[in-house]
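Shown next, in structure tokens, is the structure this report addresses.
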Amino acid sequence: MDTQSAAPAASVGTHHPLSSTWVFWFMHRMPKAKIKDYEGSMKRIASFSTVEEFWAVYSHLRRPSDLPTISDYHLFKQGVRPVWEDDANIRGGKWIVRLKKGLASRYWEQLLLAIVGEQFDVGDEICGAVLSIRSSEDIISVWNKTAANGRINLKIRDTIKKMLNLPAETTMEYKTHNDSLRDKSSFCNTDVFR
């Protein structure tokens, strides 16, 4: 007879609900290819509303380091389209962190856990996040609803730095979605913060 005590068995059917339902999206384009229908080019991967569903989906996704160049993962609240023009996004913006190649997998996972785990403590201000795999760098961005609220924006920036354990000298950028619509660019003409 085995004298070691066995760990208690997990309850079958026990789920840990998240505060929101979230949706993963994916997009890839060939280098130098132009996308005419950005939203139509995105593929919805799956949605989840519990911790267990998150891990079931996440464990089957390719790691960022295994994605082809010019690929994007999007994680957005259900009902929020991952485009600048969506009603939840149009008056908002995004915090941008540019990463050296090879770091995206770790930072992306930490960011996802902070978002779905409601670690930002800014109410429903977080709309989603995007990971952009590019040839010379990878880019993580966190989208929020209200670009005009400086206090909330700085709290989001500080939470990103804390949750990702970024070095103090890390440069972060912010860009409103209205500015992105004006110049048709996600990552150019940003406001830079240290």
Close side-chain approach of Asn189 and Asp179, heavy atoms under 4.5 Å | no
Would Thr21 and Ser47 satisfy side chain to side chain contact (heavy atoms under 4.5 Å, CB included), going step by step from the backbone distance to the final call?
-> CA-CA 7 Å; Thr21 298; Ser47 63; 4.3 Å; yes
For Lys100 and Glu137, what are the C-alpha separation, side-chain angles and deciding distance, and is it a salt bridge (Lys or Arg N to Asp or Glu O under 4.0 Å)?
-> CA-CA 5 Å; Lys100 292 178 185 174; Glu137 65 183 354; over 6 Å; no
Straight-line distance of Ser141 OG to Ile96 CD1, nearest 0.5 Å | 6.0 Å
Of the non-hydrogen atoms in Ala104 and Pro64, which two are nearest, and what is the gap between them?
-> CB-CB, 4.0 Å
Please tell me if the side chains of Leu112 and Glu109 come closer than 4.5 Å, counting only heavy atoms from C-beta onward.
-> no
One should read off an interatomic distance between Leu111 CG and Leu75 CG, to the nearest 0.5 angstrom, of 8.5 Å
Apply side chain to side chain contact (heavy atoms under 4.5 Å, CB included) to the pair Thr159 and Asp121, showing each step before the final yes or no.
-> CA-CA 9 Å; Thr159 302; Asp121 195 27; over 6 Å; no
If you measure from CG on Asn178 to CD on Glu85, what distance do you get to the nearest 0.5 Å?
-> 10.0 Å
Look up atom CD1 in Ile70 and atom OG in Ser135, then write down how far apart they are to the nearest 0.5 Å.
-> 6.5 Å
Charged N to carboxylate O under 4.0 angstrom, Glu125 versus Lys145?
-> no
Side-chain (Ser41) to main-chain (Asp37) donor-acceptor, under 3.5 angstrom = yes
Would you say the ring centroid of Phe48 lies under 6.0 angstrom from that of Trp55?
-> no
For Ala147 and Asn153, which heavy atoms make the closest approach, and how far apart are they?
-> O-ND2, 2.8 Å
Describe, in one word, how the ring planes of Tyr73 and Trp108 are oriented to each other, choosing from parallel (under 30°), tilted (30 to 60°) and perpendicular (over 60°).
-> parallel
Are Lys175 and Asp183 within salt-bridge range, i.e. N to O under 4.0 Å?
-> yes
If you group Ile, Leu, Val, Met, Phe, Trp and Tyr by side-chain heavy-atom gaps below 4.5 Å, do Leu131 and Met27 land in one group?
-> no
Pairs meeting criterion salt bridge (Lys or Arg N to Asp or Glu O under 4.0 Å) with involvement of residues 65-78, two or more places apart | Asp72-Arg134
Do Thr50 side-chain atoms and Glu53 backbone N/O form a donor-acceptor pair below 3.5 Å?
-> yes
Assert yes or no for the condition that the ring centre distance of Phe76 to Phe24 is strictly below 6.0 Å.
-> no
Closest heavy-atom contact between Ile90 and Asp87?
-> CG2-O, 3.7 Å
Cluster link Val130 to Ile160, ILVMFWY, side chain under 4.5 Å = no
Work out which heavy atom in Leu67 is nearest to a heavy atom in Arg62; give both atom names and the distance.
-> CD2-CB, 3.9 Å
In this structure, which one of Arg106, Arg63, Lys101 forms a salt bridge (Lys or Arg N to Asp or Glu O under 4.0 Å) with Asp138?
-> Lys101
Would you call Val83 and Met42 a side-chain contact if the rule is heavy atoms closer than 4.5 Å?
-> yes
Report yes or no: do Phe26 and Leu61 belong to one cluster of Ile/Leu/Val/Met/Phe/Trp/Tyr joined by side chain heavy-atom distances under 4.5 Å?
-> yes
Would you indicate whether Arg157, at its atom CZ, is surrounded by more than 12 heavy atoms from other residues, nucleotides or ligands within a distance under 6.0 Å?
-> yes
Shortest non-hydrogen pair, Ile156 vs Phe120, comes out as O-CE2, 3.8 Å
Would Trp95 and Ile139 show up in the same hydrophobic cluster when neighbours are defined by side-chain heavy atoms closer than 4.5 Å?
-> no
Could you verify whether a donor N or O on one side chain and an acceptor N or O on the other, from Asn144 and Tyr174, lie under 3.5 Å apart?
-> yes
Give the ring-plane orientation class for Trp143 versus His177, where under 30° counts as parallel, over 60° as perpendicular and anything between as tilted.
-> tilted
So does Lys162 have more than 12 non-hydrogen atoms from other groups sitting under 6.0 Å from NZ?
-> no
May I ask you to decide if Phe187's main-chain N or O and Thr190's side chain share a donor-acceptor pair within less than 3.5 Å?
-> no
Does any non-hydrogen side-chain atom of Val51 lie less than 4.5 Å from one of Val116?
-> no
Could you state the interatomic distance from CG (Leu164) to NZ (Lys161), rounded to the nearest 0.5 Å?
-> 11.0 Å
Would Glu173 and Lys94 count as a salt bridge (Lys or Arg N to Asp or Glu O under 4.0 Å) if you check the C-alpha gap in whole Å, the side-chain angles of each, and the deciding distance to 0.1 Å?
-> CA-CA 8 Å; Glu173 302 166 59; Lys94 64 179 165 265; over 6 Å; no
Mind running side chain to side chain contact (heavy atoms under 4.5 Å, CB included) on Trp84 and Asn89 for me, showing each step along the way?
-> CA-CA 6 Å; Trp84 306 322; Asn89 297 325; 5.7 Å; no
Identify whether the distance between the nearest side-chain nitrogen and carboxylate oxygen of Asp158 and Lys155 falls below 4.0 Å.
-> no
Spacing of OG belonging to Ser136 relative to CZ belonging to Arg98, to within rounding of 0.5 Å = 9.0 Å
Single-linkage hydrophobic cluster, 4.5 Å side-chain cutoff, Ile140 and Met163 together | no
